[in-house]
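Computed from a predicted structure; not experimentally measured. Along the sequence shown, residues carry numbers from 1.
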Amino acid sequence: MKTITDAKFEASWTLFTENLEKAGIKEEILSIPDIKEKMRRAAAATNEESGVAYPGALVSHINFLCAYAVSLSEITYTKKLLNLSQASLLKVCCLQHLSKIDWLVINDNDFQLSKGINFKFVDDGINLRTGERSVLVALLQNILLLPEEYEAIVSIDKDRDDKFWQYCSPLSLLIKQANEMTSLCERKRQIKQ
């Protein structure tokens, strides 16, 4: 399984905390017990093909997502028509996948490992998906979410053909596009390595 070097993790951690600061949630997130060590162990996906199924991948995945989302929001036409708050955008990006710090664990099934499934979801008997769990993390850290921020965070739980996408906010659509581009680029990078 791929690993992240200490130097790369530290650089990614620094950028992550800068994004938290810009989002206005740095103090709340850094107060999560052992957050830095949890991020050092956290993957962003379960399977190797994703390019982010290794310890430490979550922090760089979130940074990449932040960069894509900001870039998309800065496109002149988008910026002029939608006028999205960069703080809201970064808050959603930093929070949307954060539940994976406790919810994704290294897989102990040899057969699944041989198939490239390096991580698995913890079976804790709670039927919440990634975005819903991330909203719970935010609430437990006393982070106030605007309605459109909540909607954008849980948008990760929606299927492509869900009616949600016909009526959702511009923030949710932009976050969806940023997630798709981030995932595509990470998969392509994995293939090239």
Side-chain angles (χ1 to χ4, degrees), residues 1-20 29-30 32-72 90 92-138 152-160 162 175-193:
M1 181 184 328
K2 184 177 173 180
T3 58
I4 190 169
T5 65
D6 287 341
K8 182 167 180 176
F9 176 80
E10 289 300 328
S12 293
W13 177 257
T14 298
L15 181 55
F16 176 66
T17 60
E18 290 169 5
N19 285 328
L20 292 174
I29 296 302
L30 295 185
I32 295 173
D34 303 317
I35 182 65
K36 188 173 182 180
E37 188 53 39
K38 286 179 178 184
M39 289 294 272
R40 187 182 298 277
R41 292 190 313 255
T46 57
N47 65 358
E48 228 170 76
E49 291 174 356
S50 69
V52 289
Y54 61 91
L58 182 60
V59 70
S60 59
H61 177 76
I62 290 172
N63 290 337
F64 203 4
L65 178 61
C66 287
Y68 258 113
V70 168
S71 293
L72 286 171
L90 290 171
V92 170
C93 292
C94 288
L95 292 172
Q96 190 174 49
H97 296 270
L98 200 58
S99 63
K100 294 175 181 177
I101 62 173
D102 291 320
W103 197 34
L104 271 181
V105 295
I106 293 177
N107 199 342
D108 55 2
N109 180 307
D110 289 336
F111 177 74
Q112 290 179 347
L113 284 168
S114 72
K115 299 292 183 192
I117 303 171
N118 297 340
F119 284 79
K120 65 179 181 178
F121 291 102
V122 172
D123 183 8
D124 58 7
I126 299 170
N127 190 19
L128 295 175
R129 297 178 75 185
T130 301
E132 295 166 327
R133 286 174 182 266
S134 294
V135 165
L136 184 57
V137 169
I153 292 170
V154 299
S155 69
I156 195 170
D157 302 332
K158 307 298 181 188
D159 295 326
R160 285 178 184 264
D162 197 303
I175 293 295
K176 176 187 180 198
Q177 292 169 344
N179 268 299
E180 288 178 349
M181 288 305 297
T182 300
S183 295
L184 174 66
C185 289
E186 288 172 331
R187 282 192 311 271
K188 294 285 186 185
R189 186 172 53 194
Q190 171 70 13
I191 291 168
K192 289 185 177 194
Q193 290 179 352

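Partners of K120 according to the side chain to side chain contact (heavy atoms under 4.5 Å, CB included) rule, which considers only residues two or more places apart in sequence or in another chain, are V105, N107, D108. Among residues two or more places apart in sequence or in another chain, the side chain to side chain contact (heavy atoms under 4.5 Å, CB included) test is passed with T5 by A7, K8. For the ring pair (Phe, Tyr, Trp, His ring centres under 6.0 Å) test, no residue two or more places apart in sequence or in another chain qualifies with F119. For R133, the side chain to side chain donor-acceptor pair (under 3.5 Å) partners at least two apart in sequence or on another chain are D124.
Shown here for K36 and F9, the closest heavy-atom pair between the two residues is O-CZ, 3.6 Å. S155 and Q96 make their closest contact through OG-NE2, 3.6 Å (heavy atoms, listed as atom of the first residue, atom of the second, distance). The minimum heavy-atom distance between I156 and H97, with the atom names listed, is CD1-CE1, 3.0 Å. Taking both residues in full, the closest heavy atoms of L65 and T182 are given as CA-OG1, 3.5 Å, listed atom of the first, atom of the second, then distance. Closest non-hydrogen pair, M1 versus P55, comes out as SD-CD, 3.5 Å. The minimum heavy-atom distance between V52 and A57, with the atom names listed, is O-CB, 3.3 Å.
The distance from the CG atom of L58 to the CG atom of L104 is 8.0 Å, given to the nearest 0.5 Å. How far CG of L184 is from CG of N179: 12.5 Å, rounded to the nearest 0.5 Å. Here CD of E132 is found 11.5 Å from CD1 of I126. Values are rounded to the nearest 0.5 Å. Between atom OG of residue S183 and atom CZ of residue F64 there is a gap of 9.5 Å, rounded to the nearest 0.5 Å. Here L136 contributes atom CG and W103 contributes atom CH2; the two are 12.0 Å apart, rounded to the nearest 0.5 Å. In this structure, CG on D123 lies 12.0 Å from CZ on F121, to the nearest 0.5 angstrom.
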Apply side-chain contact (heavy atoms from CB on, under 4.5 Å) to residues I153 and I175 and explain how you reach the verdict. CA-CA 8 Å; I153 292 170; I175 293 295; over 6 Å; no

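Annotation: side chain to side chain donor-acceptor pair (under 3.5 Å) contacts involving residues 56-72, sequence neighbours excluded, comprise N19-N63, H61-E186. Listed by first and then second residue, the side chain to side chain donor-acceptor pair (under 3.5 Å) pairs that reach into residues 46-59 are E48-N118, sequence neighbours excluded.
Under the 4.5 Å side-chain criterion, counting only non-hydrogen atoms from C-beta, V154 is not in contact with R129. Side-chain contact between V137 and D102: absent, with no pair of heavy atoms (C-beta onward) separated by less than 4.5 Å. Between R40 and E10 there is a side-chain heavy-atom pair separated by less than 4.5 Å.
The backbone N or O of Q112 lies less than 3.5 Å from a partner atom in the side chain of N109, making a donor-acceptor pair.
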